There are 2 protein chains.
Amino acid sequence: MRPELQILEQYVAENGLKRTRQRTLIAAQFLESGGHLSAEDLYAALNAAGHRVGLATVYRTLKMLVDAGLAQVRHFPDGATRYECVYGEPAHDHLICVECHCIIEIENPFLDQLYQHAFAAHGFVASGHRLVITGICSNCQAGAASN
Amino acid sequence: MRPELQILEQYVAENGLKRTRQRTLIAAQFLESGGHLSAEDLYAALNAAGHRVGLATVYRTLKMLVDAGLAQVRHFPDGATRYECVYGEPAHDHLICVECHCIIEIENPFLDQLYQHAFAAHGFVASGHRLVITGICSNCQAGAASN
DNA sequence: ATCACTGCAAAGTCTTTGCAACGAC
DNA sequence: GTCGTTGCAAAGACTTTGCAGTGAT
């Protein structure tokens with residue numbers, strides 16, 4: 001079993017919650033897909049797979065995953081809200097292609113310097129961040145050449 | 001007159017639009033406040049100042065300002081949508097204090113390197129970005145010490 | 001048996017749109 | 001006078017909540 005699911009079971013147990021079919025399904029699907037999903041996406045994926053769950057339950061479960069420290073909410077520049085896996089993941093940022101809307105994860109080697117800069121310039125003690133870079137992915141550059 | 005308002009007039013003229021009381025009011029208030037306002041904020045500010053405008057008009061005008069290149073939409077991590085002045089502004093990023101929710105603008109000296117890194121690592125040609133750093137501002141650090 | 005969970009539908013928020021009256025040109 | 005604009009209210013997208021029935025322990 002995925003270590004994330006164990007964490008979830010522990011969270012459920014410790015909080016007097018219950019281990020239900022829906023929660024397991026939603027969590028499994030979410031983890032499986034690697035995050036970057038909206039509630040609607042998850043709902044569609046589950047129902048397409050023949051698993052009947054209500055949209056409200058998806059929302060509720062995602063919120064629970066956030067509380068359990070397994071997921072995080074992300075508001076993307078297009079205004080969409082997506083959830084992302086955070087368990088054991090190194091902090092990372094996102095490249096978003098304006099052509100195909102794909103999302104690429106990227107590590108930011110300048111983070112520490114950036115945080116230090118924020119402190120040096122404004123006395124701001126950084127604890128987290130969110131970076132999205134928009135542009136054209138390598139695929140779409142290739143595609144554009146042949147269009 | 002603010003150069004931004006001239007740009008707006010030019011945009012309006014060039015597109016067969018009309019120069020109305022509401023547009024001028026909304027744009028003036030928006031520019032005055034330096035951006036970082038939600039539509040609702042602007043609406044409230046205008047009505048508090050005794051200027052009667054409809055909320056829908058605020059939304060419509062903000063959209064127009066974006067088209068005119070004077071404003072940009074920002075989706076902040078708390079899920080709020082705010083508009084920001086962009087005319088003649090150097091590209092900048094944001095520090096957001098999790099205590100007092102103040103927003104500090106900051107320049108990012110690592111941008112070029114970051115863009116180059118995105119290209120080197122993923123062949124991604126960056127055209128823009130959005131960075132928000134969360135943490136505690138200097139004021140709140142001081143405040144926390146005395147609480 | 002208890003008490004949390006689910007699904008649905010209703011209610012909320014935020015934003016956009018339709019429409020008749022209005023105002024700029 | 002024409003045609004874009006406004007304000008309102010209705011409609012939409014997305015998310016949350018109330019409630020009665022269901023299911024885990």
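Proteins come first, then strands; the chains are lettered A, B, ... in the order of their sequence lines, and each starts at number 1. Keep in mind the model is a prediction, meaning the values are calculated, not measured. Hydrogens, waters and symmetry mates play no part in the numbers below; they use all other heavy atoms, side chains included.
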Exercise. Whole angstrom is fine here: how far is it from OH in Y59(A) over to P in dG7(C)?
Key: 15 Å

Quiz item: In whole angstroms, how far is the C1' atom of dC8(D) from the CG atom of N47(B)?
Solution: 13 Å

Quiz prompt | N/O donor-acceptor pair, side chain R60(A) with base dG7(C), under 3.5 angstrom | solution = yes

Exercise. On DNA chain D, check which nucleotide each of G54(B) and G16(B) is closest to and give me the residue with the more 5' one.
Key: G16(B)

Quiz item: Reckon R52(A) has a side-chain N or O less than 4.0 Å from the OP1 or OP2 of dT22(D)?
Solution: no

Practice problem: Report the distance from atom CD of E32(A) to atom CG of L42(A), rounding to the nearest 0.5 Å. | Solution: 11.5 Å

Quiz item: Is it the case that more than 12 heavy atoms not belonging to F110(A) sit under 6.0 Å from its CZ atom?
Solution: yes

Self-check item: Heavy-atom side-chain proximity of H36(B) to R74(B) below 4.5 angstrom
Solution: no

Exercise. State, yes or no, whether a side-chain contact exists between I106(A) and H92(A) at a heavy-atom distance under 4.5 Å.
Key: no

Between the protein and nucleotides 22-25 of chain C, which nitrogen or oxygen pairs come in under 3.5 angstrom?
from	atom 1	to	atom 2	distance (Å)
dG23(C)	N2	K18(B)	NZ	3.0
dA24(C)	N3	K18(B)	NZ	3.3

Quiz prompt | Main-chain N/O of S38(B) paired to D41(B) side chain as donor or acceptor, under 3.5 Å | solution = yes

Self-check item: Rounded (10°) bend between the five-pair end axes of the helix from dA1(C)-dT25(D) to dC25(C)-dG1(D)
Solution: 20°

Self-check item: Check: D78(A) side chain, A80(A) main-chain N or O, donor-acceptor pair, under 3.5 Å
Solution: yes

Quiz item: Under 4.0 Å between a side-chain N or O of Q22(B) and OP1 or OP2 of dG7(D)?
Solution: yes

Quiz item: Does NZ or CZ of R82(B) lie under 6.0 Å from the centre of the six-membered ring of F76(B), at an angle within 45° of the ring axis?
Solution: yes

Quiz prompt | Check: Q22(A) main-chain N/O paired with H51(A) side-chain donor or acceptor under 3.5 Å | solution = no

Practice problem: Just call it for T81(A): base, sugar-phosphate, or nothing, with non-hydrogen atoms closer than 4.0 Å on any strand. | Solution: sugar-phosphate

Practice problem: Mind checking R23(B) for me? I need base, sugar-phosphate or nothing, with any heavy atom below 4.0 Å counting as a touch. | Solution: sugar-phosphate

